[in-house]
Amino acid sequence: MNQTLTIPESTIDFFEGDELRARVFIEKYALKNLEMEIMERTPDRMWERVARAISSVETKRKQKEWFEKFYEILEDFRFVPGGRILATAGDPYRRKTPFNWYVSAIRDDSIEAIFDALYESARTYSWGGGWGTDISILRPRGAVVHNAASRSTGAVSFMNLFSEVTGTIGQDGRRGALMLMIRVDHPDAPEFVTIKNDPERRNVRYANISLKITDEFMRAVENDEEFTLSFENDVVGRVERKIRARDLWDRIVNNAWASAEPGVLFWDRIKRESPSEYFAPLIATNPCGEIPLEDGGACCLGSVNLTKFVKRPFTDNASVDWDSLEMVIRRAVRFLDNVVEYSLDRQPLEIQRKAAKRGRRIGLGVMGLADMLVMLKIKYDSPESLEFLDSFFDRFRNIAYQESAQIAEEKGTFEAFDIEKHMENPFVNRLWPETKEMIREKGLRN
């Protein structure tokens, strides 16, 4: 339907004649009424709508102040909230979620649990969210079943079912987004790796796929050892077989080179580093792989546009404008925390509402990284760039954590916060001493 929209001249003028940018804005983000009439012709109207909606959760006395502060960071795309926020915040016409990403578990090795998860994915898509799950709980191909089949078709055989649901549920001119994952030690992992090798690309067309890589598997690859693939539950007993770890690794690498899939996530490392593991054990990631989440987990996103924070770009004395960047980081943390509050009655499922409230997860990222390096005259992927980025993101991270602590002092911590368990986490322990002291004193909002 959106493809038939006529792009207003004022929109094209705003984008200085760039019709592609103008079309993306109109079709994806500009507010439309129920008759699909365009209600916003330029991004400044969108920024005003979004800033007003997200500041509405502040106290009456502070709403005007934060409307102005949020508008200031949105203006000129300095801070770019996730697309769901831009498209939905303040929309009086449609009920959609401002959250981008969700995860649900397949909670049992059964047909009932598979279709429960399919329902949760479909409901999530219908509200505009993306969704991920892990199929490792499902018995492998050839395992015993106690129904008309006698033998299971395997975990991988259900991937197309999830994929087709994703491709079927419409989202205002786009389809849903799906991540399917499996543990590398599941007996169906070798089949999972090659599921998309059909030359006509008919298999699992509407999903991203990734393997959960374990430390044990990587040690077996490094040492060129056998590796045990296994599955066990009370119904099928134990199923296992041994493979050469490097054979599977080579298959993973070759497929990733040929078609960009499967992705890999070093899952043991992710679980060790997660500050939320003590109250929300991670089970899978969102469709793009950047947000590991628990069962029912929900997260909103936003990116700081780094190209807007370089002083004297392309010169020998170019530098990062940290004063402006720090201001935007701090306001962006509050903005995303407000998105959590604003969205509590805009979640597709009750389990997602509870998860959003329990952990108040926010995903603060960046865009324009490579461009920033060019503007600073730093060669991408050079030793200089790696050293610079280690320092840059260390500072970025600490500013964000400090602001979350400040908000916690004002508004309270997230529900599940436990100071002792939180401070035991290795990721949190690498924060600056002054940041950790602030967390101990004030807590964390997110």
Drop me the distance from Ile169's CD1 to Leu178's CG, to the nearest 0.5 angstrom. 12.5 Å

Could Arg440 and Glu420 be called an ion pair, given the rule that one side-chain N must be under 4.0 Å from one carboxylate O? yes

Between Lys442 and Glu409, does at least one N-O distance fall below 4.0 Å, as a salt bridge requires? yes

Drop me the distance from Leu376's CG to Ser319's OG, to the nearest 0.5 angstrom. 7.5 Å

Cation over ring, Arg346 on Tyr342, under 6.0 Å and within 45°? yes

Is it the case that the side chains of Gln347 and Tyr102 hold a donor-acceptor pair, with the cut-off being a distance below 3.5 Å and no angle test? yes

Drop me the distance from Phe70's CZ to Glu75's CD, to the nearest 0.5 angstrom. 15.0 Å

Roughly how far, to the nearest 0.5 Å, is the CZ atom of Phe158 from the CG atom of Leu118? 9.5 Å

Sidechain-backbone polar pair: Asp337 side chain, Val333 backbone, donor-acceptor under 3.5 Å: no

Do Lys377 and Glu384 meet the salt-bridge criterion of a basic N to acidic O distance under 4.0 Å? no

Does a donor on one side chain and an acceptor on the other come within less than 3.5 Å for Arg445 and Thr413? no

What's the verdict on ring-ring contact (aromatic ring centres under 6.0 Å, His included) for Phe25 and Tyr29, showing C-alpha distance, side-chain angles and the deciding distance? CA-CA 5 Å; Phe25 167 70; Tyr29 306 114; 7.4 Å; no

Are Arg353 and Leu349 close enough that some pair of their side-chain heavy atoms sits under 4.5 Å apart? no

Under 4.0 Å between a Lys/Arg side-chain N and an Asp/Glu carboxylate O for Lys62 and Glu410? yes

Look at the rings of His422 and Phe417 and say which category their plane angle falls in: under 30° parallel, 30 to 60° tilted, over 60° perpendicular. tilted

Apply salt bridge (Lys or Arg N to Asp or Glu O under 4.0 Å) to the pair Glu403 and Arg330, showing each step before the final yes or no. CA-CA 6 Å; Glu403 187 61 23; Arg330 291 185 180 278; 2.9 Å; yes

Drop me the distance from Lys271's NZ to Leu282's CG, to the nearest 0.5 angstrom. 5.5 Å

Run the salt bridge (Lys or Arg N to Asp or Glu O under 4.0 Å) check on Asp215 and Arg272 step by step: do they pass? CA-CA 11 Å; Asp215 292 346; Arg272 283 195 300 271; 2.7 Å; yes

Which pair of heavy atoms, one from Ser343 and one from Pro98, lies closest together, and at what distance? OG-CG, 3.3 Å

Out of Lys357, Arg358, Lys354, which one pairs with Glu415 under the salt bridge (charged side-chain N to carboxylate O under 4.0 Å, His left out) rule? Lys357

Please find the pair of heavy atoms, one from Phe99 and one from Arg84, that lie closest to each other, and give the distance. O-CG, 3.5 Å

Between Phe279 and Phe414, does a ring-ring contact (aromatic ring centres under 6.0 Å, His included) hold up when you go through it step by step? CA-CA 11 Å; Phe279 69 88; Phe414 64 88; 5.5 Å; yes

Answer yes or no: are there more than 12 heavy-atom neighbours, outside Lys379 itself, under 6.0 Å from its atom NZ? no

Does Arg395 qualify as a cation-pi partner of Trp322, given the criterion of NZ or CZ under 6.0 Å from the six-membered ring centre and within 45 degrees of its axis? yes

Could you check whether atom CZ of Arg312 has more than 12 heavy atoms from other residues, nucleotides or ligands sitting under 6.0 Å from it? yes

Taking atom CD of Glu216 as the centre, does the number of heavy atoms from other residues, nucleotides or ligands within less than 6.0 Å exceed 12? no

What are the two closest heavy atoms between Ile283 and Asp134, and how far apart are they? O-CB, 3.6 Å

In this structure, CD of Glu437 is separated from CD of Glu434 (nearest 0.5 Å) by 10.0 Å

Just wondering, are more than 12 heavy atoms of other shown residues or ligands nearer than 6.0 Å to NZ in Lys436? yes

Can Arg430 and Glu273 be counted as an ion pair, charged N to O under 4.0 angstrom? yes

Does a donor on one side chain sit under 3.5 Å from an acceptor on the other, for Asn446 and Ser404? yes

For the pair Glu19 and Arg23, evaluate salt bridge (Lys or Arg N to Asp or Glu O under 4.0 Å) and give the outcome as yes or no after the intermediate values. CA-CA 6 Å; Glu19 291 192 25; Arg23 182 168 294 280; 5.7 Å; no

Exceeds 12 heavy-atom contacts within 6.0 angstrom, atom CD of Glu387: no

So, are Lys32 and Glu37 salt-bridged, with charged N and O less than 4.0 Å apart? no

Are more than 12 heavy atoms, taken from residues, nucleotides or ligands other than Phe393, located less than 6.0 Å from that residue's CZ atom? yes

Nearest heavy-atom pair of Glu72 and Arg78: which atoms, and what distance? O-NH2, 3.3 Å

Is the ring pair Phe77/Trp47 parallel, tilted or perpendicular, if the boundaries are 30 and 60 degrees? perpendicular

Salt-bridge contact Lys69-Glu58 (side-chain N to carboxylate O under 4.0 Å): no

